[in-house]
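As the structure is a prediction and not an experimental result, all values here were calculated from the model. As a basis for the values below, the full set of heavy atoms in this structure was taken, side chains included, without hydrogen atoms, waters or symmetry mates.
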Amino acid sequence: METSIITIKQLVSEAQCYATIRQLRWADGVTCPHCDSGDTIRRGYDSPQRTCQRYQCKACGKRFDDLTGTVLSGHHQPLSAWVLCLYFMGPDLSNRQIAQELDLNKDDLQYMTEHLRLGLDKKKSP
């Protein structure tokens with residue numbers, strides 16, 4: 001009997017990650033990251049990432065999505081990989097261990113952990 005190993009990556013979906021991001025980021029309602037207006041409308045979903053909500057600000061007219069203006073925006077790795085990477089950084093696992101768990105190459109993982117650390121440091125600064 002062959003046993004297959006189930007990784008945590010297989011248990012976390014993109015839809016779950018985007019729903020959590022929306023819940024945390026927009027807890028007090030969606031606001032434009034460009035002008036801080038709360039007068040926004042939903043504009044469908046991102047074409048490559050079907051679970052990423054797009055919006056448009058009625059005040060300034062600019063468009064944005066769930067990740068605009070965050071450390072998680074504009075990257076080729078799926079959001080679930082970023083969320084799990086951040087999760088695994090908590091128990092102080094090595095980059096090699098995290099890369100293995102997420103099935104990523106070490107260079108991509110190195111970039112991700114550095115980027116997340118910089119974003120966290122920026123968030124802590126006044």
Side-chain angles (χ1 to χ4, degrees):
M1 183 167 125
E2 185 179 321
T3 37
S4 61
I5 297 172
I6 297 174
T7 64
I8 195 168
K9 184 179 177 189
Q10 295 167 309
L11 302 174
V12 178
S13 74
E14 288 296 294
Q16 289 170 320
C17 288
Y18 276 100
T20 301
I21 291 293
R22 274 192 292 279
Q23 182 182 13
L24 294 171
R25 184 170 190 195
W26 312 125
D28 296 326
V30 177
T31 56
C32 177
H34 305 288
C35 73
D36 289 327
S37 172
D39 195 9
T40 62
I41 55 174
R42 288 187 280 177
R43 284 285 187 195
Y45 292 90
D46 191 35
S47 57
Q49 187 46 261
R50 292 278 188 213
T51 53
C52 182
Q53 179 70 56
R54 291 187 300 187
Y55 308 90
Q56 184 170 3
C57 179
K58 289 183 177 181
C60 72
K62 292 189 179 179
R63 292 179 182 220
F64 58 98
D65 64 33
D66 291 325
L67 303 180
T68 300
T70 72
V71 70
L72 302 171
S73 69
H75 303 291
H76 72 280
Q77 294 295 343
L79 179 60
S80 59
W82 285 91
V83 169
L84 288 170
C85 180
L86 187 58
Y87 172 79
F88 286 129
M89 288 168 63
D92 206 25
L93 295 176
S94 72
N95 281 2
R96 184 184 57 74
Q97 290 170 304
I98 298 171
Q100 185 176 14
E101 181 65 34
L102 299 180
D103 194 26
L104 297 170
N105 75 49
K106 63 181 175 78
D107 294 333
D108 281 348
L109 199 281
Q110 180 67 35
Y111 170 80
M112 290 170 71
T113 56
E114 287 175 2
H115 196 73
L116 287 168
R117 283 186 184 103
L118 286 172
L120 291 172
D121 286 343
K122 186 185 276 187
K123 184 83 173 166
K124 283 193 243 178
S125 301

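For D28, the CG atom is loosely surrounded, since the number of other residues' heavy atoms within 6.0 Å does not exceed 12.
Summarising the geometry, atom OG1 belonging to T113 is positioned 13.5 Å from atom CZ belonging to F88; distances are rounded to the nearest 0.5 Å. With rounding to the nearest 0.5 Å, the separation of CG in L102 from CE in M112 is 6.5 Å. Atoms CD and CG, from Q100 and L109 in turn, are 11.0 Å apart once rounded to the nearest 0.5 Å. The distance from the CD1 atom of I21 to the OG1 atom of T51 is 11.0 Å, given to the nearest 0.5 Å. Rounded to the nearest 0.5 Å, atoms CD (Q77) and CG (L104) are 5.0 Å apart. Note that the CG atom of N95 and the SG atom of C85 stand 7.0 Å from one another [nearest 0.5 Å].
Nearest heavy-atom pair across C17 and S80 is SG-CA, 3.5 Å. Heavy-atom minimum distance, G119 versus V71: CA-CG2, 3.9 Å.
Looking at E14, its side chain does come within 3.5 Å of a backbone N or O of L79 through a donor-acceptor pair.
For residues 33-45, every residue pair satisfying the side chain to side chain donor-acceptor pair (under 3.5 Å) rule, not counting sequence neighbours, is listed here: R43-Q56, Y45-Q53.
Here Q97 pairs with L93, S94 under the side-chain contact (heavy atoms from CB on, under 4.5 Å) rule; sequence neighbours left out. Residues passing the salt bridge (charged side-chain N to carboxylate O under 4.0 Å, His left out) test with R22 are D66, sequence neighbours excluded. Under the rule for a side-chain contact (heavy atoms from CB on, under 4.5 Å), the partners of T70 that lie at least two apart in sequence or sit in another chain are R25, L67, L72, S73. Residues passing the side chain to side chain donor-acceptor pair (under 3.5 Å) test with T31: none are found, sequence neighbours excluded.
Through direct or relayed side-chain contacts under 4.5 Å between Ile, Leu, Val, Met, Phe, Trp and Tyr, V30 connects to W26, Y55, F64.
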